[in-house]
Amino acid sequence: MSTTPMNMIQALNSALDNKMTEDPTVLSFGEDTGYFGGVFRVTDHLQKNHGLTRSFDTPISESGIVGAAVGMSTYGLRPVVEIQFADYIYPAYDQIVSEAAKMRYRSGGQFTCPLVVRSPYGGGIFGGQTHSQSPESLFTHISGLKVVIPSNPYDAKGLLTSAIEDDDPVIFFEPKRLYNGPFDGWHEKPVSPWKAQELAQVPAEKYNVPIGKARVMREGNDVTILAYGTMVWVALAGAEHAGVDAEVIDLRTLVPLDIETIEASVKKTGRCVIVHEAPKTSGFGGELSALVQERCFYHLEAPVARVTGWDTPYPHAFEWEYFPGPQRVADALKSVMTGGR
Amino acid sequence: MSTTPMNMIQALNSALDNKMTEDPTVLSFGEDTGYFGGVFRVTDHLQKNHGLTRSFDTPISESGIVGAAVGMSTYGLRPVVEIQFADYIYPAYDQIVSEAAKMRYRSGGQFTCPLVVRSPYGGGIFGGQTHSQSPESLFTHISGLKVVIPSNPYDAKGLLTSAIEDDDPVIFFEPKRLYNGPFDGWHEKPVSPWKAQELAQVPAEKYNVPIGKARVMREGNDVTILAYGTMVWVALAGAEHAGVDAEVIDLRTLVPLDIETIEASVKKTGRCVIVHEAPKTSGFGGELSALVQERCFYHLEAPVARVTGWDTPYPHAFEWEYFPGPQRVADALKSVMTGGR
Amino acid sequence: MKNTPPLSLRVPEPTGRPGDKPDFSHLQLDDAGAVERPEISTEPSQMRDMAFRLIRVLDDNGEAVGPWNPKLDPDTLRRGLKAMILTRTFDDRMHRAHRQGKTSFYMKCTGEEAIAVAQGMVLSREDMGFPTYRQQGLLISRGYPLASMMNQIYSNAADPIKGRQLPIMYSAKDYGFFTISGNLGTQYIQAVGWAMASAYRGDNKIAAAWIGDGSTAESDFHSALTFAAVYKAPVVLNVVNNQWAISSFQGVAGGMETTFASKGIGYGLPSLRVDGNDFLAVWAATSWAEERARTNQGATLIEIFTYRGAPHSTSDDPSRYRPADEHEQWPLGDPIERLKQHLIKIGEWSEEQQTAAEAEAVEQVRAAAKESEAIGTLGQSRPSVKEMFEEVFAEPDWRLVEQRREVGV
Amino acid sequence: MKNTPPLSLRVPEPTGRPGDKPDFSHLQLDDAGAVERPEISTEPSQMRDMAFRLIRVLDDNGEAVGPWNPKLDPDTLRRGLKAMILTRTFDDRMHRAHRQGKTSFYMKCTGEEAIAVAQGMVLSREDMGFPTYRQQGLLISRGYPLASMMNQIYSNAADPIKGRQLPIMYSAKDYGFFTISGNLGTQYIQAVGWAMASAYRGDNKIAAAWIGDGSTAESDFHSALTFAAVYKAPVVLNVVNNQWAISSFQGVAGGMETTFASKGIGYGLPSLRVDGNDFLAVWAATSWAEERARTNQGATLIEIFTYRGAPHSTSDDPSRYRPADEHEQWPLGDPIERLKQHLIKIGEWSEEQQTAAEAEAVEQVRAAAKESEAIGTLGQSRPSVKEMFEEVFAEPDWRLVEQRREVGV
Ligand SMILES: Cc1ncc(C[n+]2csc(CCOP(=O)(O)OP(=O)(O)O)c2C)c(N)n1
Ligand SMILES: Cc1ncc(C[n+]2csc(CCOP(=O)(O)OP(=O)(O)O)c2C)c(N)n1
Ligand SMILES: [Mg+2]
Ligand SMILES: [Mg+2]
């Protein structure tokens, strides 16, 4: 397949456009996603290309958006809904966790919810505490949900395609720091644009990146870094900055987790650093850390370390002190390299 | 203070009654909590004792209940609200996590939310998937919330008193398996009633059990068991069944966590088993496991183990296969005693 | 700030508590036949008054009167009556089964049988009903096997939903019966979404949903009405106002201030209010809404006015919060009794036939119980424990595989 | 199932998109003075029609007419006019400041100044207002320091909320201004709770809340109206219908089907609908509701009918989704212009005074900017980084202590 450079917004848009062309049961809706194409333009042109009833605006009711999508999906449609910011997903939390997640189970397989909830998430755009949150761990705890987070345009398109085709509900978080331009972890330095990057070379046609498979972004021998979304780039920068031969794993899917890749890597390196932007306490890093030490205990040469957001709301003026940057990753790497004491 | 035997319902009721007598800013409301006194009777007699406006019934709107309580608490009241089952707390999730939890922070301290959200939680009563859930970890991830879970009548009263007096929002989960009668971990065997137990000897007067302090339920040298709520009793039974000299710690408060007690114990025993009823993935056990290995890595002689609910909804017919029982705890204990391989 | 007298908080209270004489003097009931029937194409703005009236067809003499009389043939009426009798008989037996320890839980719909039975007959089985736990009459009126219901209630090996749900949380897709949720209200917006899906696909199925008076306070009620109005979804939205929500009277949900039907006005939805103990009135109002939805004219809100005769569930004791004889004093009577009287009045039924029908219902339920209990009641029989791990996803992930292995099933 | 034609999904669309001629022909506007004013003690059921009318006081000639004329003294009118001018001037300057990179974000209320200014003047500062981001006029009409607003917008060292919130998310307890939430709608039920608290305590403070047309679809709108009605909470509930919610016209929120005021009917709340660009009408309707609440007669819903003249925020470009000149064509005019004309008409104001007032406003804003920018704009100055860790709880727990230590602040 020939490719063109796309930023993440274009790649996601392309995934939606392909799937809507191919499958009449796929439709897209959310706040401002119809005529206007979404405040981040991910659903741009879909209404024009596919018609008013296939890409439309909704009332400002996140619970209504997801609740309606649940009903539609039990009819046999594959709705892809947008929650305008992940910070606003909580009003829909009940429909997601009590309904979509449990539908197949509680009905003995009679009703299912092949729906996707897309939502821009994460910080680094001066959005303050209500446009910066990373609530992924709150969904990983819910049996029956899949949770997917891409870190680059190529994966974004392939993963969204797989999410739409998945027969179970998928929560799909899109790191908005990576939407327009790439990010190399250092917020104060210029960065080469997506189009200069290999992972932004995206086929126009449909393709899949499988849900449940991690991507090894960088092979290495000394320490394993587990990251996803924006933090993949921070991890790479942090490893380089520390001058450590780190293996950087982009999880891509939190549930189901690619435990094999993780386990093999940590058994090889003997060390593990986990990076996420969400607050530390009960963030997904806790689960990862527990799994790693449960499965690789006798290979570990230092405690599994976590580099995360602080246990505070996301504060507007202190964006870059809150955001876990390459320096903190480098510090953690150095610490685990010396046994983490 | 002289004491009388109380079950957990009576102890909680007594805490509410004391505080409402003492402090006119304390009021109680929720679905069926007024005239009827709550479906579990925790608010029994409060309306009669304190008047219609101090203990009343609400519309069936969990978001409304908490939202109104948030407003009241910013006025200077100390509302104590009941969510009839923890499984029904999700509609209120947004008001809890976006509003109550962040009020003090976002207003620079101008507005605060000294409110308590009480909710019966956990399984073991054949409640099926919507009357059995343990959603505590979903609240521990939210900066600005405290999370408290008692395991016995004495603590229940003292902790609820402290929660009401706390100047920040407290999520207070009441293990409904322990409400009426005690539980010793073995669901199929008879158990001696609360009144025969020391922790059910409860003073009629107000007293405090501090938030943030764990209780060592059993001292031991070989392994540390971390548990809370119903699982404390399962842990004790499991330790006895395994014949292992376990130190059983009842966390009592998940946030703020009594890390000192935990750390000291694990450093002493060198082993740790965590028990909770919630599903494993991203349950609070993940956080505990991560913390323990971060802080006690060089003392650990086996991987930190988790005994938890499965990653499925709570199934009615398989209650006791889902519920982590003493046998599973005993198996985990034996495993960590032999290095957990 | 002005110096005004102190404010005070108003907490609504019902007209009677245990020991009091039931008082229904506040009810404003229209006479049977008194309410006009608007054309189905009427603009909602032209029929707002309907939300404050009460559609009734059966009068005190058992006569069917007025413009809402659906003029059903006697066979249909008899089918309806029998389904109501069967529903009540089933409820009584299952309530007893709970006392006998055969199940952990049960919920009756005593006094509300006309609702689900009439509506189940008006709507098609290809339509989808999104019920609460009090519309077992939908299944019964459509001939869903009683033994399958019992298997679910007993969580036995033949439970169609594999032991995973609390008793009475049926799911019966082929009978147009959506999987019941324990979470109040969630089904309401799902029904709207399902109806939108049918419209989106250019099909001609419609949806129907039920919600209790108490549960109208839930958020999903609001989002359902909003989406239904904005997208003109083909759905019939029923509010079953049975006066109680566990121990809370309908005033706690706002019923002292206005009617539940009037909530439709603020969304521009046509809103009807109907005597829920009048089989013919329920039929007529439902048909009106059904035709409106089916002809692409959008959703209707129907408040169905009735009384919860039984305890909320087997966990409840209403004598603790309402006058003991309130149900007997309910001015709209009993739906079975009223339809029976009507049939007798028009010469299509007799006391003997009634007695026979009741006996037949008992027999049907007994036969079903025999069949179901042969498989087993709660704890005696159950689906394979591996069902705990199945259908969390279409395909289990490694966690479920490992956990299932740990249980050894 | 009946064999009926296929259904189809209706998706609402506005009367005009970019390139189209603005079309407001669907609006049904009452003439100034045409709507009756019910007694404040009127039963909600006796005044339902008010939800479908439009209260207006200022007519096309700048005359104040009809029963809703609040008959304000000229000083009050001039104060109101000046506060509106100041609000607009402040908005313009801050919008520019965003372009200059001095802040990350700003939101104007152009065309809606009469709302917050009139209401801020009617309500007391001891009452609590629960605003959205478009009621900066509340602060300005009450003399809250403009420099403090700017300090918040710049997240500088003097930001009263310590750099923690997005620009314009003010909090000013002493001015009866609740901390703004980024989450739409949440304040509405909180206002009801606050009002219930005042009533519970026997105080005489009332609450007021604002919500946008689009945000009425949120769940908290429903719970607020439910609780307000059930407990007769002393609260004024305003819906600011400015026709747009970012790129979605009010039809997407149900505004094509009925009025937003009519949503009050289903809760039994008295509901008014008022010309939001008419300072006197807003004043009058608010006073009616304020007195009702203050005298323990409960809540009122007020739909305030206006038009969002500016982009949604500095992140928005309305020319992509609506006709460019729609605002100019808005039939209810500009609130500042209309009050000015009225004052001139009654001989209490002149064009010269207007010019002077505008200049004075510019001067006030400039002085405030100087003061605030002397402290610093975004990135140049900010509160101490330790504020990141403060006030998560009353007392930090060990995690916050450790994490703060890690940052070294
Ligand atoms: C979200 C949620 N909140 C609370 C409950 C507990 N609950 C179960 S039934 C019920 C009362 C419902 O009353 P109503 O809606 O009037 O229906 P009815 O039982 O009268 O048919 C309550 C509060 C629940 N199941 N779900
Ligand atoms: C819960 C939530 N959902 C979505 C948003 C994003 N958002 C911010 S403003 C807005 C539009 C609000 O429109 P309206 O209520 O009409 O108010 P207006 O901006 O017109 O004053 C949206 C969708 C949000 N802030 N919070
Ligand atoms: Mg009811
Ligand atoms: Mg608006």
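The chains referred to below are lettered A, B, ... by the order of the sequence lines, with proteins before strands, and numbering in each begins at 1.
Few gaps surround CD on D/Glu402; more than 12 heavy atoms of other groups in view lie less than 6.0 Å from it.
Atom OG1 of A/Thr312 sits about 12.5 Å away from atom CD of D/Glu391, to the nearest 0.5 Å. Once rounded to the nearest 0.5 Å, the distance linking CD1 of A/Ile60 with CG of D/Asp213 reads 7.5 Å. Atoms CG and OH, from D/Asn183 and A/Tyr90 in turn, are 8.5 Å apart once rounded to the nearest 0.5 Å. Interatomic distance, D/Leu378 CG to A/Glu319 CD, rounded to the nearest 0.5 Å: 10.0 Å. Atom NE2 of residue A/His316 and atom OG1 of residue D/Thr103 lie 6.0 Å apart, to the nearest 0.5 angstrom. Between the NE2 atom in D/His222 and the OG atom in A/Ser61 there is a gap of 11.0 Å [rounded to 0.5 Å].
By number of non-hydrogen pairs under 4.5 angstrom with chain D, the leading residue of A/Trp310, A/Tyr322, A/Phe126 is A/Trp310. Most heavy-atom pairs under 4.5 Å with chain D, from the set A/Gly128, A/Pro91, A/Ala317, A/Gly37: that is A/Ala317. Ranked by non-hydrogen atom pairs under 4.5 Å with chain D, the options A/Gly127, A/Ser132, A/Ser63 are led by A/Gly127. Of the listed residues (D/Met169, D/Met388, D/His312, D/Arg164), the greatest number of heavy-atom pairs within a distance under 4.5 Å of chain A belongs to D/Met388. Counting heavy-atom pairs closer than 4.5 Å to chain A, the top-ranked of the candidates D/Asp397, D/Thr216, D/Thr186, D/Ile246 is D/Ile246. Among the candidates D/Arg399, D/Arg17, D/Arg10, D/Arg320, the residue making the largest number of heavy-atom pairs closer than 4.5 Å to chain A is D/Arg17. Highest contact tally toward chain A, considering only D/Asp159, D/Leu9, D/Val11, D/Val407, is held by D/Val11 [criterion: heavy-atom pairs under 4.5 Å].
For the pair A/Tyr35 and D/Glu13, the minimum side-chain heavy-atom distance is 4.5 Å or more.
Using modelled atom types, no side-chain atom of A/Glu321 and backbone atom of D/Val385 make a donor-acceptor pair closer than 3.5 Å.
Heavy atoms of D/Pro12 lying under 4.5 Å from chain A are absent altogether. Neither the backbone nor the side chain of A/Gln327 comes within less than 4.5 Å of any heavy atom in chain D. Heavy atoms closer than 4.5 Å to chain D are found in the backbone of A/Tyr314, but not in its side chain. Contact annotation for D/Leu400: only side-chain heavy atoms (C-beta onward) come within less than 4.5 Å of a heavy atom of chain A. Using a 4.5 Å cut-off between heavy atoms, A/Thr58 touches chain D through its backbone atoms (N, CA, C, O) alone. Interface residue A/Thr53: backbone and side-chain heavy atoms are both found under 4.5 Å from chain D. Both the backbone and the side chain of A/Asp32 come within contact range of chain D, with heavy atoms under 4.5 Å apart. Residue contact with chain A, scored on non-hydrogen atoms closer than 4.5 Å, involves the backbone and the side chain of D/Ser248 alike. For D/Glu387, the parts lying near chain A are the backbone and the side chain together; criterion is any non-hydrogen pair under 4.5 Å. Proximity to chain A (any heavy atom under 4.5 Å) is shown, for D/Ser313, by neither the backbone nor the side chain. For a residue to count as touching a neighbouring chain, one of its non-hydrogen atoms must lie under 4.5 Å from one of that chain's; by this rule D/Arg382 touches chain A with the side chain only.
In this structure, A/Phe36 has its ring center closer than 6.0 angstrom to the ring center of D/Tyr321.
For the pair D/Val392 and A/Pro313, the tightest heavy-atom approach, listed with the atom from each and the gap, is CG2-CD, 4.3 Å.
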